[in-house]
Amino acid sequence: MRNVIEANSLKLAYPRHEPVIKNATFRVETNQFVFVTGASGSGKSTLLKSMYGAMDISGGDLSVGGIDMRSISGSKLYKLRRHIGIVFQDYKLIKEWSVEKNVMLPLIIAGFPKDVCRAQAIKLLNHVKLSHKSDKYPMELSGGEQQRVAMARALAHNPFLILADEPTGNLDDYSSQVVWELLERANEELETTVVVVTHHIPEMFNAEYRHLMIENGVVYDIH
Amino acid sequence: MTFIRNHLGLILPLFAILFAIEYLLVFDRVIKDYETRLQEQYTVIVVAEKSVEPNQIKHANVLVNSVESVDAESVLLRIRKQISKRNLEKIKAVIPAFYTVKLRHYPDKKRLEKLKRDLLSVKGVKRVQIFEKVHDRLYAMLLFMKTNFYIFGALIGLIGFLLVMKQMVIWQLEHKERMQIMALFGAPVWLRSGVLFRLAFVDALIAILLVTGGMVYLISDNYVKGILTEMGINTTLLLHLNDLTYLASAGFGIALFCAMWVVVRFREEL
């Protein structure tokens with residue numbers, strides 16, 4: 001199996017602050033489903049950010065998709081991000097775009113023709129049971145619905161890696177269930193590697209998974 | 001409503017700047033036209049004891065454009081009937097030579113005084129009439145007009161510039177979130193700032209059309225035409241085809257600069 005993420009003695013710190021992650025050494029292989037847990041402020045989100053190049057690396061090594069994240073330049077980073085699906089706790093939908101156009105975003109960036117983007121967006125909105133709201137704007141949707149749109153967007157371009165930062169943190173039970181099901185299906189059917197930062201691993205989660213836990217800035221491979 | 005507000009935010013200051021530019025262009029032409037008319041009407045009279053070679057006068061100062069001698073016959077024609085032939089011959093023998101001097105442009109007081117000194121230094125020239133009082137009054141008026149127009153134009157331009165600066169900050173805040181999200185999904189700079197450039201282009205186009213349309217209206221409106229003609233302003237001076245090039249360059253240039261400013265100042269904050 002190929003390593004999708006590889007961290008060796010990784011150290012992450014914000015400017016003029018003590019390192020949040022002092023030592024992280026782990027590997028994530030293709031098609032794995034990984035939960036990253038830890039107390040609030042333990043550095044879970046910081047670790048995830050480093051995986052999509054939004055956090056400078058203070059020490060050690062990190063590679064994502066075989067690309068060294070320490071020396072990654074602007075255009076290379078944007079190229080890498082075009083193959084990653086990211087889900088945020090605060091959804092990060094473009095508020096002046098319709099639901100459908102939001103889902104189309106990664107495909108527009110990849111340069112697909114408009115009709116292809118639209119067909120894929122409709123298909124995914126069907127999956128998240130929001131096809132009837134494709135013309136609405138994010139502000140017209142509930143939090144749970146917005147996160148389902150964000151999930152559809154993260155899956156639109158068949159990414160090799162999905163990074164999710166507490167994707168169900170603000171959601172009701174129904175929306176949480178839809179989100180977990182989608183992540184499981186993407187992992188099983190599309191063989192997408194999934195890394196989810198969360199406070200708790202959901203009880204109803206059925207698929208096989210790995211568990212990384214952060215404590216005092218050190219990443220432990222629990223399971 | 002937000003759409004209109006977004007567009008007006010740039011259209012209005014751009015309109016002010018372009019209007020200031022057009023205003024300065026038009027009044028520059030009107031003042032130049034007025035200056036040309038003053039220069040055409042203004043003549044320096046040179047009086048010499050005997051006939052002087054006109055080229056000597058012409059080369060005395062760079063301001064001199066042309067020199068014409070005044071025919072003594074035409075002066076004497078008026079008094080011919082009142083005096084005897086003998087006396088007329090006597091007058092003819094002692095009458096000085098007169099020359100009218102036309103200038104290249106309407107000079108200021110200092111240059112005019114130098115011109116007078118230079119002309120007086122020409123051998124044979126005994127008197128130079130420059131009509132200082134009339135000249136000084138007209139020149140002061142011209143300077144006053146020029147200064148006022150430039151100050152007014154500069155003020156409108158400055159207000160427009162400040163509004164454009166404000167709009168740039170608003171744009172930065174408005175587009176930041178969308179640009180951040182697009183950057184997260186790997187959108188290249190041209191794609192995530194495409195909306196901004198389209199907005200800038202459309203706003204610049206509207207502002208250019210508004211200013212040009214306003215000027216075309218002024219030219220074709222009979223009431224305005226009448227007022228301008230009464231003021232002695234030639235209405236053909238109002239809008240030149242070249243102005244459109246200046247307005248388009250300034251309009252698109254400023255709008256492009258605004259969009260570039262927002263793009264360059266974009267920093268990923270996650």
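Order of the sequence lines sets the chain letters (A, B, ...), proteins ahead of strands, with each chain counted from 1. Since this is a predicted model, take the numbers as computed values, not measurements.
At distances below 3.5 Å, at least one donor-acceptor pair connects side-chain atoms of A:R148 with backbone N or O atoms of A:V128.
When heavy atoms are compared at a cutoff of 4.5 Å, A:L80 does not approach chain B at all. Within the 4.5 angstrom heavy-atom criterion, atoms from both the backbone and the side chain of A:I86 approach chain B.
Below 30°, between 30° and 60°, or above 60°: for A:W180 and A:F33 the angle between ring planes is between 30° and 60°, a tilted geometry. Using cut-offs of 30° and 60° for the angle between ring planes, the A:F160 and A:H83 rings count as tilted.
Per-residue counts of heavy-atom pairs under 4.5 Å with chain B were compared for A:K79, A:K95, A:R153; the largest is that of A:R153.
Atom CZ of B:R111 has 12 or fewer neighbouring heavy atoms from other residues, nucleotides or ligands inside a 6.0 Å radius.
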